[in-house]
Amino acid sequence: MTNLLRFRALDERDINKETFVEPWPEAGLTVADSPYDPQPSLRIVAGRVVELDGRQEADFDTLDTFIAHHGIDLTVAPEAMALESLQFAHMLADINIPRNTLLRLATGCTPAKLVDIMRHMNVLEMMNGLSKMRVRRVPANQAHVTNRRENPALLAADAAEAALRGFSEIETTVGVARAAPFNALAILVGAQTGRGGVMTQCAVEEALGLRLAMKGLTTYAETLSVYGTEQAFIDGDDSPWSKGFLASAYASRGVKVRFTSGTGSEALMGSAEQRSMLYLEARCLCVTRGAGSQGVQNGSISCIALPESLPGGVRAVLAENLMASLLGLEVASGNDALASHSAIRKSAKLMLQFIPGTDFIFSGYSAVPRRDNMFGGGNFDADDLDDYAVLQRDMQIDGGTRSISEAEAADIRRAGAQAIQAVYAELGFPIISDIEVEAAVVAHSSDDMPVRDIVPDLAAADDFLAGDRSVMDVVAALARRGFAQTAENLLTMGRQRIAGDYLQPAAIFDRDFVVKSAINDPNDYNGPGTGYRVEGARWDEIANIRQAKSPRDFIADRLGLPIDGLDRYGDAKRGGHTEVVVAIGPAFGRIITRTIGGIPHEEVLKAVLTGIAEEGLIGRIVRIWHSSDCAEIGHVGAQLSGSGIAIGIQSRGTSIIHRVDLARLNNLELFSQSPSMTVDTYRAMGRNAARYAAKKITTPVPVTVDNWARLRLIVKTALLHRKETEEIRQLPPEALRFDWEPEV
Amino acid sequence: MPTYPLYSDPHADLHAASGRALDEVTVAATVAGEITLEDLQIDKAALQAQAEIARQAGYAQLAQNLARAAELTVVPRAEIIDMYQQLRPGRSSYAELIALATRLEDVYVAPICGAFVREAAQVYLERNMVRRPLAF
């Protein structure tokens, strides 16, 4: 086989570290269209579902029974099932059909019907639908905060920073299960230090998670996993009823619950029953809604690489999110687990949720570096935070976070770490030293933390979980140690439990600690001018990333006093044939005094004149007043040159060698890469111009091409050009005397 | 009917399950050791109000969940966790599940939860999800 070097380069690319396979429905490896997927059907006899998606009641498995009993509104079902799926899809994509109309109809859909609607939609139509069906008016974001060493000071510092960055929820988990109570405590204290009202959770085994919530250590629970087949559900150690009961148990203590599902889990667990991933997810969502969960975390989650290995996988993941929001469920839309080696691919995938906006765009943006992420990597992590801020700024999209300064980060990280230090000291937990606190402030990852003995921490965590102490003792400890605001915020989270407002769909607390949910802040998007718009103070915040500078003083270091000894002596006239005209722009050497690359204009002139002299000719300096355009400066210079050759130089350093008989936009040599030019380049330019004047054979001056220079310097370039253009005067070219002689 | 959010509705007259008024739950009282975890627990009335709010907004299943939750407010923490464990697949016999339902109905006056567990018991029986001895 012929070996193409470009294919070897392609093989080396990040995208080719991934696995791509053809669909195999019998193994559950098909995203949306398995030949074994049922057709939508629903038969109701005397108020009882006797057939669901082609299956008779006698053959119902647990999921069918649960969906038949709890997941479908039988009064709406006849109308919804009779509606053509294509027309349903149209209504979903159409910005003029209100969300409530679709919410009502969706309550009457079977899982296969939901999939059939998705079948008609491309990703753009789905995104349109999602921006309309998102439950909450304002999108939000969730952070993951974990570290490999379960270090409490670092957890608290990271949670505090994540809260300040604007995340509405923070989730942690454990490497060692016994660390759960302390990890939950650390992010609770850190988060409430960063911003009152950030909700926190700890992903652990279900019964343990419930115990943590009942102790007041978490404020919501998300990892109530459901699966699309009976066997996978049993392997997950639950049934739809036990999950439904668990949801009620959490709610009975005022704790918010979100279920978790996602394409690929059943195939990964070996029991997909030959169904497509999307059909199984539709069953999950009907169970989730039937169990009374206010929302779901879906979008493949930790199985993301599996749908992504198949054609249409990323589209199917978007379809999952859309089906959930169509069912009125709050959606935390994935983008959490490591999904791709390729930065292009992971960013492109994100756009499907980022652009429409979901209730939580990430169901865990890793606010820690990848190595410290105990959820499986983190598709976007702490090192991508500036990228993420810029994406929001670029598209004027609210991604749920903001850019903060280094000083703000340092202060809040210290406050968070000191708060957990105080709690540990007050409650008699193993001491967190001042050295640990300061290390947590500056750390990039847990590698930067001093070694901490985890054995006493785990023993203390066991005692804390088993004993009677709770979040109330933590509040008291904080108050006694002078952390008044953190104590107040922690207690307010507790007081909110008494009201239960945040049990309603898509509830978060805003920066004023006021609940925002489907009840008081429902999504009302119906096209341009409606719904949530990114504007006002929030847009200013998104626009003002920490790197943004005022452009007004951007070019100050390129301005200066006029060159000494460069003086006018009259209007420019045509000279003799042994000269090369050096034509300079209106601002050159008088307002602007350095090139964009920082070379003083005086040095530029000396180099050019030296080069000309080296070839035995004379350089004569002329200022062009009527134009700032490089070609025009060189062109007019050539008209004035006795030899017909001129060098034109703009103040930013861009130069041209022109000849009298050439069209304005033609040239002998063009030096457009001004940032890369050196004094030697200008000198060689002078030599070449003189050689052209003497009609000698001439090799063009080699120039360095830096394709990134324009990207880096385009704002400076524009501002320097603007400055030069400001100096244009409607005056004839001016002859200048330069009080300096080249030594040749 | 109180308006949402109940937290900021002065007419909601919120009390914890312990009977303590929301206004009494302060940091000062906590430091003084007067506040217990029970004073932070939502009571039946607030959950019923939230259920009604959800129902009126069109979230019928969430409302049903909150109605179950309202019933469970009187079940002690440890017992709720046990009840959940009993409902997991393969943990309980049919008779044990029926006993659980009866306990919910009779001891805790939780008819919605009771019916939910009875429904599960029937399905578990039909789908072989009741407890059976391990056979090796």
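The structure displayed is predicted, hence computed values, not measured ones. Letters go in sequence order (proteins before strands), and every chain restarts at 1.
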Atom group of B/Met83 that falls short of 4.5 Å from chain A, counting heavy atoms | both

Honestly, the part of A/Arg104 sitting under 4.5 Å from a heavy atom of chain B is neither

Return the option, out of B/Leu14, B/Thr3, B/Val117, with the maximum number of heavy-atom pairs under 4.5 Å with chain A.
-> B/Leu14

dist B/Arg77:CZ -> B/Asp82:CG (nearest 0.5 Å) comes out at 13.0 Å

Qualifying residue for side chain to side chain donor-acceptor pair (under 3.5 Å) with A/Lys516, from A/Asp510, A/Asp521, A/Asp501 = A/Asp510

How far apart are the C-alpha atoms of A/Arg253 and B/Ile42, what are their side-chain angles, what is the distance that settles it, and do they pass the side-chain contact (heavy atoms from CB on, under 4.5 Å) test?
-> CA-CA 6 Å; A/Arg253 265 53 186 177; B/Ile42 191 165; 5.8 Å; no

Got a second to check how far A/Thr288's OG1 is from A/Arg258's CZ, nearest 0.5 Å?
-> 12.0 Å

Applying a strict 4.5 Å limit to non-hydrogen atoms, the region of B/Asp39 in contact with chain A is backbone

Heavy-atom contact with chain A under 4.5 Å, split by part of B/Ala70 = neither

Part of A/Leu103 lying under 4.5 Å from any heavy atom of chain B | side chain

Kindly determine whether A/Ile72 and A/Leu52 satisfy side-chain contact (heavy atoms from CB on, under 4.5 Å), including the steps that lead there.
-> CA-CA 10 Å; A/Ile72 298 172; A/Leu52 177 68; 3.8 Å; yes

In Å and rounded to the nearest 0.5 Å, what is the CZ to CD distance from A/Arg136 to A/Glu330?
-> 6.0 Å

With a 4.5 angstrom heavy-atom cut-off, which part of B/Thr36 approaches chain A: side chain, backbone, both or neither?
-> backbone

Heavy-atom check, side chain of A/Leu326 versus side chain of A/Leu102, under 4.5 Å | yes

Is a donor on one side and an acceptor on the other found under 3.5 Å between the side chain of B/Arg88 and the backbone of A/Asp237?
-> yes

Below 4.5 Å from any heavy atom of chain A, which atoms of B/Tyr59 appear? Answer side chain, backbone, both or neither.
-> side chain

Applying a strict 4.5 Å limit to non-hydrogen atoms, the region of A/Ser239 in contact with chain B is both

A/Asp473 versus chain B, heavy atoms under 4.5 Å apart: side chain, backbone, both or neither?
-> neither

B/Gln50 and B/Arg55, any side-chain heavy atoms less than 4.5 Å apart = no

Pairs of heavy atoms under 4.5 Å with chain B: top-ranked of A/Phe233, A/Phe60, A/Phe245 = A/Phe245

What part of A/Val135 is in contact with chain B, defined as an atom under 4.5 angstrom from a non-hydrogen atom: side chain, backbone, both or neither?
-> side chain

Gap separating the CD1 atom of B/Ile35 from the CG atom of B/Leu37, nearest 0.5 angstrom = 11.5 Å

So which of B/Val74, B/Thr73, B/Val31 has the largest heavy-atom pair count under 4.5 angstrom toward chain A?
-> B/Thr73

Of the backbone (N, CA, C, O) and the side chain (C-beta and beyond), which part of B/Gln64 lies under 4.5 Å from a heavy atom of chain A, both, or neither?
-> neither

Side chain, backbone, both or neither: which part of A/Phe66 has a non-hydrogen atom closer than 4.5 Å to chain B?
-> side chain

Is it the backbone or the side chain of B/Ile80 that comes under 4.5 Å from a heavy atom of chain A, or both, or neither?
-> both

Relative to chain A, which of B/Leu40, B/Val75, B/Val123, B/Leu87 shows the most heavy atom pairs under 4.5 Å?
-> B/Leu40

Chain A contact via B/Leu47 - side chain, backbone, both or neither, heavy atoms under 4.5 Å | side chain

For chain B, which of A/Ala484, A/Ala247, A/Ala249 has the most heavy-atom pairs under 4.5 Å?
-> A/Ala247

Are B/Tyr94 and B/Tyr124 near enough that their ring centres are under 6.0 Å apart?
-> no

Under 4.5 Å from a heavy atom of chain A, the part of B/Ala54 involved | both

Indicate, with yes or no, if the rings of B/Phe116 and A/His69 have centres closer together than 6.0 Å.
-> no

Nearest-0.5 Å distance, OG of residue B/Ser18 to CD of residue B/Glu38 | 7.5 Å

Option in B/Gln56, B/Glu71, B/Arg91 with maximal non-hydrogen atom pairs under 4.5 Å from chain A = B/Arg91

